[in-house]
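Positions are given from 1, in the same order as the sequence printed here. Whatever order the structure lists ligands and atoms in, that order sets their numbers, starting from 1.
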Amino acid sequence: MWCCRLSHLQSRLQDLLRGRVTCWALQQPNFKSLFPLAIHWHHTASKSLNCVWQQHEDHFELQYANTVMRFDYVWLRDHCLSASCYNSKTHQRSLDTASVDLCIQPKTIRLDETTLFFTWPDGHVTRYDLDWLVKNSYEGQKQKVIQPRILWNAEIYQQAQVPSVDFQSFLETKEGLKNFLQNFLLYGIAFVENVPPTQEHTEKLAERISLIRETIYGRMWYFTSDFSRGDTAYTKLALDRHTDTTYFQEPCGYNNYDRAVINTVPYDVVHRWYTAHRTLTIELRKPENEFWVKLKPGRVLFIDNWRVLHGRESFTGYRQLCGCYLTRDDVLNTARLLGLQA
Ligand SMILES: C[N+](C)(C)CCCC[C@H](N)C(=O)O
Ligand SMILES: O=C(O)CCC(=O)C(=O)O
Ligand SMILES: [Fe+2]
């Protein structure tokens, strides 16, 4: 019975503060008295639009859709979507950002229905849809729903009874792939069952999600305890919870086995690092943070090694594993193409 050990790095994700700024000024009868008389607020033509803005010396302030937004003028020029500034076929900026005057200010600002028009000193006109500004503003972005992550330990994960996805459904249906990726994004691990236990089928599975990353271990690795490579993974020894490829510029995550000599910081910082490392390791080694999984032929486990560490007990007898490393960008891209927040 082979198990591999998963320790969920219980990151203390703070709930994002969802500061909702309501456009309270417009509902106040004494709205004008709330601001010094010098400021002249522009109102929308139609009251129903509920939008006011103010052209400040160094920024543009917009109140719309219960959000108070502030935009730098260089930002407003730089994000122009006009034909001469933006290639709508490739969704790339054509404008040379470095050519924009850092002291630029619009000559005029006009709102027509739900579109704001900024006319710049050189006569160039930039138009923004109000909803686009809310969606792409700093203040609007803070309200954006981010991919929820479920922080778990063994008990939480077991109780969640997260369903595995069947091989056929994963390969042949959008729903199967989407359910799998949703679980993967939520928990940092996800399983596919009833996979024909061959390297080819495992490869096919991986390619359904992402590009497979070629590394010094090959594209698909197929290993057993034959010490064919000078690494404890190729032995029968236990492996404490860890992440792989610490030594790469784009590692799967940091791990203690492969950690190089610490010689980039002075001794007192080194000691602070060991203290922090100890705190983390104690947390990771708490039994409640360990989730043991029985690996068996036909069961494929995907791990987000930034969130979930892996390891194994020592073993006897013959054991063979195959797998690969996936590129995070492509996994997230597949999830987004399926409409998931990733
Ligand atoms: C066998 N397989 C290719 C999966 C892993 C090899 C990784 C070995 C190294 N200790 C590390 O953690 O990066
Ligand atoms: O043998 C296992 O179950 C995992 C081995 C491992 O962690 C690795 O090869 O990086
Ligand atoms: Fe590993």
Side-chain angles (χ1 to χ4, degrees), residues 1-11 154 157 164 184 187-193 195 197-262 273 277 280-281 283-285 287 289-331:
M1 181 174 161
W2 307 124
C3 298
C4 86
R5 171 201 282 131
L6 296 168
S7 296
H8 185 262
L9 194 57
Q10 190 81 1
S11 61
Y157 188 77
S164 301
F184 183 71
Y187 293 94
I189 58 169
F191 296 85
V192 182
E193 303 287 359
V195 181
T198 69
Q199 180 170 320
E200 293 67 30
H201 284 95
T202 310
E203 185 173 5
K204 216 169 155 198
L205 206 68
E207 286 175 335
R208 177 95 164 108
I209 300 186
S210 154
L211 297 174
I212 295 175
R213 197 176 159 194
E214 183 90 44
T215 71
I216 52 175
Y217 303 105
R219 189 166 179 277
M220 290 297 294
W221 17 265
Y222 203 76
F223 69 103
T224 183
S225 51
D226 59 1
F227 208 56
S228 55
R229 286 178 182 270
D231 189 283
T232 41
Y234 298 77
T235 70
K236 291 185 166 56
L237 296 171
L239 292 177
D240 189 26
R241 64 230 70 204
H242 68 277
T243 54
D244 282 7
T245 67
T246 299
Y247 34 86
F248 287 176
Q249 289 306 308
E250 295 162 33
C252 289
Y254 59 94
N255 81 43
N256 209 46
Y257 294 107
D258 299 302
R259 176 165 44 80
V261 171
I262 303 177
W273 183 86
H277 177 270
L280 175 62
T281 304
E283 185 72 23
L284 289 175
R285 287 184 176 164
N289 282 335
E290 262 185 15
F291 177 62
W292 282 89
V293 174
K294 172 177 168 34
L295 292 180
K296 61 179 183 179
R299 165 176 283 184
V300 177
L301 164 60
F302 288 76
I303 303 174
D304 175 347
N305 213 187
W306 282 11
R307 273 186 68 182
V308 181
L309 309 186
H310 62 279
R312 72 181 184 211
E313 255 316 333
S314 60
F315 60 90
T316 57
Y318 184 68
R319 177 177 185 262
Q320 195 168 48
L321 237 67
C322 87
C324 59
Y325 294 122
L326 301 179
T327 51
R328 180 178 295 272
D329 283 332
D330 299 284
V331 173

**Prompt:** Do Arg241 and Glu290 sit within salt-bridge range, that is, some charged N less than 4.0 Å from a carboxylate O?
**Reply:** yes
**Asked** Can you give the angle Asp244 OD1 - the Fe ion (ligand 3) - His310 NE2, rounded to 10°?
**Response** 90°
**Distance filter under 4.0 Å to Leu321 heavy atoms, resulting ligand 2 atoms** = 1 (O), 2 (C), 3 (O)
**Request:** Measure the distances from the heavy atoms of Phe223 to every atom of ligand 1 and state whether one is below 4.0 angstrom.
**Result:** yes
**Candidate pair Thr215 and Thr245, rule side-chain contact (heavy atoms from CB on, under 4.5 Å), full reasoning** = CA-CA 9 Å; Thr215 71; Thr245 67; 5.6 Å; no
**Message:** Working to the nearest 0.5 angstrom, can you tell me the gap between Glu193 CD and Leu301 CG?
**Reply:** 10.0 Å
**Request:** Give a yes/no on ligand 2: does Trp221 have at least one heavy atom closer than 4.0 angstrom to it?
**Result:** no
**Prompt:** Taking it one step at a time, do Leu295 and Arg312 satisfy side-chain contact (heavy atoms from CB on, under 4.5 Å)?
**Reply:** CA-CA 10 Å; Leu295 292 180; Arg312 72 181 184 211; over 6 Å; no
**Request:** Identify, by atom number and element, the atoms of ligand 2 in contact range of Ala233, meaning under 4.0 Å from any of its heavy atoms.
**Result:** 8 (C), 9 (O)
**Asked** Which bit of Tyr257 gets closer than 4.0 Å to ligand 1, counting heavy atoms only: side chain, backbone, both or neither?
**Response** neither
**Asked** When only distance counts, is Tyr217 in polar contact with ligand 1, meaning an N/O pair under 3.5 Å?
**Response** no
**Message:** Ignoring hydrogens and geometry beyond distance, is a side-chain donor-acceptor pair present between His242 and Asp240 at under 3.5 Å?
**Reply:** no
**Complete:** Looking at Trp221, Tyr234, Tyr222, Phe248, the heavy atom closest to atom 1 (C) of ligand 1 belongs to Tyr234
**Message:** Among Glu313, Arg319, His310, Gln320, which one puts a heavy atom closest to atom 3 (O) of ligand 2?
**Reply:** Arg319
**Prompt:** Applying a 4.0 Å heavy-atom criterion (strictly less than), which segment of Asp231 is in contact with ligand 2: side chain, backbone, both, or neither?
**Reply:** neither
**Request:** Any chance you could measure Ile303, atom CD1, to Phe191, atom CZ, to the nearest 0.5 Å?
**Result:** 8.0 Å
**Asn289 and Leu284: CA distance, side-chain angles, deciding distance, side-chain contact (heavy atoms from CB on, under 4.5 Å) verdict** = CA-CA 6 Å; Asn289 282 335; Leu284 289 175; over 6 Å; no
**Request:** State whether the shortest distance between N or O atoms of Tyr325 and N or O atoms of ligand 2 falls below 3.5 angstrom.
**Result:** no
**Fill in**
Taking only non-hydrogen atoms of Asp231 and a 4.0 Å limit, the atoms of ligand 1 in range are 8 (C), 9 (C), 10 (N)
**Request:** Can you pull out the closest protein heavy atom to atom 2 (N) of ligand 1? Residue, atom name and distance to 0.1 Å, please.
**Result:** Tyr325 OH, 3.9 Å
**Message:** For Lys236 and Ser314: C-alpha separation, side-chain torsions, deciding distance, then whether side-chain contact (heavy atoms from CB on, under 4.5 Å) applies.
**Reply:** CA-CA 5 Å; Lys236 291 185 166 56; Ser314 60; 5.8 Å; no
**Prompt:** Any nitrogen or oxygen of His242, main chain or side chain, under 3.5 Å from a nitrogen or oxygen of ligand 1?
**Reply:** no
**Message:** So if I count the atoms of ligand 2 from 1 in the order they appear, which ones are less than 4.0 Å from some heavy atom of Leu239?
**Reply:** 5 (C), 6 (C), 7 (O)
**Prompt:** Which of parallel (below 30°), tilted (30 to 60°) and perpendicular (above 60°) describes Tyr234 and Tyr217?
**Reply:** parallel
**Fill in**
Only one of Asp244, Asp231, Leu239 passes side chain to side chain contact (heavy atoms under 4.5 Å, CB included) with Tyr257, and that residue is Leu239
